[in-house]
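Have a look at the structure below before the remarks.
In this text, all values refer to a predicted model and were calculated from it rather than measured experimentally. Chain naming here is simple, since letters A, B, ... match the order of the sequence lines and numbering starts at 1 in each.
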There are 2 protein chains.
Amino acid sequence: MKNITPKLIKLLKEGYCTPQIAKIAKKIKEPSTTIHYYIKKLEKESAIKTYKAVFNYGKINEGFCAYLFIKLTSKAGADPDKLLGELSRYEEVESADILAGEWDIILKIRTKNQDEYYRVLKNILAQEGVEKTTFFHFTETS
Amino acid sequence: MKNITPKLIKLLKEGYCTPQIAKIAKKIKEPSTTIHYYIKKLEKESAIKTYKAVFNYGKINEGFCAYLFIKLTSKAGADPDKLLGELSRYEEVESADILAGEWDIILKIRTKNQDEYYRVLKNILAQEGVEKTTFFHFTETS
DNA sequence: CATATTATTGAATAATATTCGAATAATATT
DNA sequence: AATATTATTCGAATATTATTCAATAATATG
């Protein structure tokens, strides 16, 4: 038995999806070529970045989710984008954004459970430039 | 000139997208019917909820983004799901989750700018059951 | 107001998803 | 271990859908 499901999920998290022009056309009651025209326009001006699957994370072994706030050392504070790029590379990091105020960066992290989360957290804390962190978590059931 | 772009964006935020089976098949080097089989399986067991567009929010007039933490009154604390349902109905609320710990609920809110955000915040604070809030925000450019 | 650019759409075509069926493989049952 | 049942794999046929193209209309620009 081939087990391509993990590969599949990985791809569908990144993209590999596309708009359903015919369905949208029917819904808005416009010709599908018109819908096509507008969608391509949004894509061209990169207002639309990609199309992705939305999962029931509890069912794909990523039921634990945490928002991790990071404060940078004053040295790293000069270039938070660089650290952001590195943190985005973790496959468990779903999103990474630069905040205004008390905390510098917020990460959204998904793992199987809290233990796995702490494993990831340990690696993040080891990153050059990270001064301190705090987090808020929740669990997706079903 | 028709302006169907706002309608289009609204639909693509909810769903109205679909996986690209042929592209995935080529990438994983498996027959497209096999990919189809696995995707339908994931959909049937509702591991995949839907497929959505990912936007460059700065370009669709939603450049301001905030994570809003909510603490419930002891009365509302008994049934946070109910409030969660109500808060999810705001079109500016992108996600709503129930936290463990100090704060009860986290909302991700997207608006055009900070003024618009405060308008939404005012409505949320007026909701029965909300005791206090705090938030962290950022801006998506380009 | 003349011209250029952008928007709109039907018809034709190309690409893609889906269904079907049959073969095989995995798993469960006696 | 034999048999039955269920799940997987995948090619061929079909149904749907996206895309291209070309013609027209609307709008913007000088």
Side-chain angles (χ1 to χ4, degrees), chain A residues 1-63 91 94 110 112 140-142, chain B residues 1-63 91 94 110 112 140-142:
Chain A
M1 201 198 319
K2 302 183 179 184
N3 196 8
I4 59 180
T5 308
K7 285 183 203 170
L8 201 51
I9 289 172
K10 189 150 186 282
L11 293 181
L12 291 173
K13 269 187 200 166
E14 296 171 15
Y16 289 90
C17 297
T18 192
Q20 294 181 294
I21 294 175
K23 284 232 176 72
I24 294 168
K26 188 183 278 187
K27 178 79 179 180
I28 314 192
K29 296 196 182 75
E30 295 287 350
S32 70
T33 46
T34 302
I35 302 300
H36 183 265
Y37 174 81
Y38 276 99
I39 288 181
K40 289 305 149 194
K41 208 169 83 146
L42 286 168
E43 289 175 0
K44 231 163 267 163
E45 63 201 21
S46 63
I48 294 174
K49 291 201 273 193
T50 186
Y51 307 90
K52 289 182 183 179
V54 179
F55 296 93
N56 189 325
Y57 290 94
K59 293 202 172 162
I60 61 166
N61 250 312
E62 297 184 31
E91 66 172 337
E94 185 179 295
R110 289 190 187 277
K112 183 186 169 67
E140 277 187 46
T141 50
S142 88
Chain B
M1 202 198 318
K2 302 180 177 184
N3 195 8
I4 59 179
T5 308
K7 285 182 203 171
L8 201 51
I9 290 172
K10 189 152 186 284
L11 292 182
L12 292 173
K13 270 186 200 168
E14 296 171 16
Y16 288 90
C17 297
T18 191
Q20 293 181 294
I21 293 175
K23 285 233 175 74
I24 294 168
K26 188 182 279 186
K27 178 80 178 177
I28 314 194
K29 296 195 182 77
E30 296 286 347
S32 70
T33 46
T34 302
I35 302 299
H36 184 266
Y37 173 81
Y38 276 100
I39 288 182
K40 290 304 151 194
K41 207 169 87 151
L42 285 168
E43 290 175 359
K44 233 164 264 162
E45 63 201 22
S46 61
I48 295 174
K49 290 202 273 193
T50 186
Y51 307 90
K52 289 182 184 178
V54 179
F55 297 93
N56 190 325
Y57 290 95
K59 293 201 171 162
I60 60 166
N61 250 311
E62 296 184 32
E91 66 170 338
E94 186 178 295
R110 288 190 187 278
K112 182 186 171 67
E140 277 186 48
T141 50
S142 85

[X], nearest nucleotide to its side chain (from [options]):
{"X": "B/Ser32", "options": "D/dT20, C/dT18, D/dA18", "result": "C/dT18"}
{"X": "A/Gln20", "options": "C/dT18, D/dA18, C/dG10", "result": "D/dA18"}
{"X": "A/Pro31", "options": "C/dT19, C/dG10, C/dA17", "result": "C/dG10"}
{"X": "B/Ala22", "options": "D/dA18, D/dT20, C/dA17", "result": "C/dA17"}

For B/Lys40 and B/Glu45, what are the C-alpha separation, side-chain angles and deciding distance, and is it a salt bridge (Lys or Arg N to Asp or Glu O under 4.0 Å)?
CA-CA 9 Å; B/Lys40 290 304 151 194; B/Glu45 63 201 22; over 6 Å; no
Would B/Ile39 and B/Ile24 count as a side chain to side chain contact (heavy atoms under 4.5 Å, CB included) if you check the C-alpha gap in whole Å, the side-chain angles of each, and the deciding distance to 0.1 Å?
CA-CA 11 Å; B/Ile39 288 182; B/Ile24 294 168; 4.1 Å; yes
Does [X] reach the side chain of [Y], with side-chain heavy atoms less than 4.5 Å apart?
{"X": "A/Lys13", "Y": "A/Phe55", "result": "yes"}
{"X": "B/Asn56", "Y": "B/Ile60", "result": "no"}
{"X": "B/Tyr57", "Y": "B/Glu94", "result": "yes"}
{"X": "B/Thr18", "Y": "A/Cys17", "result": "no"}
{"X": "B/Leu11", "Y": "A/Ile28", "result": "yes"}
{"X": "B/Ile4", "Y": "A/Thr34", "result": "yes"}

Identify the two heavy atoms, one from A/Gly15 and one from A/Thr50, that lie closest to each other, and give their separation to 0.1 Å.
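Looking at all heavy atoms of both residues, the shortest contact is CA-OG1, 3.7 Å.
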List the steps and the verdict of side chain to side chain contact (heavy atoms under 4.5 Å, CB included) for A/Leu42 and B/Thr5.
CA-CA 9 Å; A/Leu42 286 168; B/Thr5 308; 3.9 Å; yes
Go through residues 34-55 of chain A and report each residue with a non-hydrogen atom lying under 4.0 Å from DNA chain C, sorted by number.
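Nucleic-acid contacts, sorted: A/Thr34, A/Tyr37, A/Tyr38, A/Lys41.
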Strand-adjacent residues in residues 3-16 of chain B, judged by heavy atoms under 4.0 Å from DNA chain C
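None, since no heavy atom is under 4.0 Å.
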What distance separates B/Glu30 CD from B/Tyr37 OH, expressed to the nearest 0.5 Å?
13.5 Å
Rounded at 0.5 Å granularity, tell me how far CD in A/Glu43 sits from NZ in A/Lys41.
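Here the rounded value is 13.0 Å.
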With A/Glu14, which residues qualify under side-chain hydrogen bond (donor to acceptor under 3.5 Å, both in side chains), at least two apart?
none
Report the stems of DNA chain C as range-with-range entries sorted by first number; a stem here is at least three consecutive pairs, Watson-Crick or G-U wobble, both distances under 3.5 Å, and write none if there are none.
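Runs of three or more consecutive pairs: C:1-30 with D:1-30.
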Along DNA chain C (nearest heavy atom to each residue), the more 5'-positioned of B/Lys23 and A/Glu30:
A/Glu30
Produce the list of close N/O pairs, under 3.5 Å, pairing protein atoms with atoms of nucleotides 24-27 of chain C; give distances to one decimal.
| unit_1 | atom_1 | unit_2 | atom_2 | d |
| --- | --- | --- | --- | --- |
| C/dA26 | OP1 | A/Met1 | N | 2.9 |

So, does B/Lys52 use its side chain to make a donor-acceptor pair with the main chain of A/Tyr51 at under 3.5 Å?
no
A/Lys59, A/Lys112, A/Arg110 screened by salt bridge (Lys or Arg N to Asp or Glu O under 4.0 Å) with A/Glu140, the one that passes:
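So, applying the salt bridge (Lys or Arg N to Asp or Glu O under 4.0 Å) to A/Glu140 and each of A/Lys59, A/Lys112, A/Arg110, only A/Arg110 qualifies.
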Under 3.5 Å, N/O pairs linking protein and nucleotides 13-16 of chain D:
none

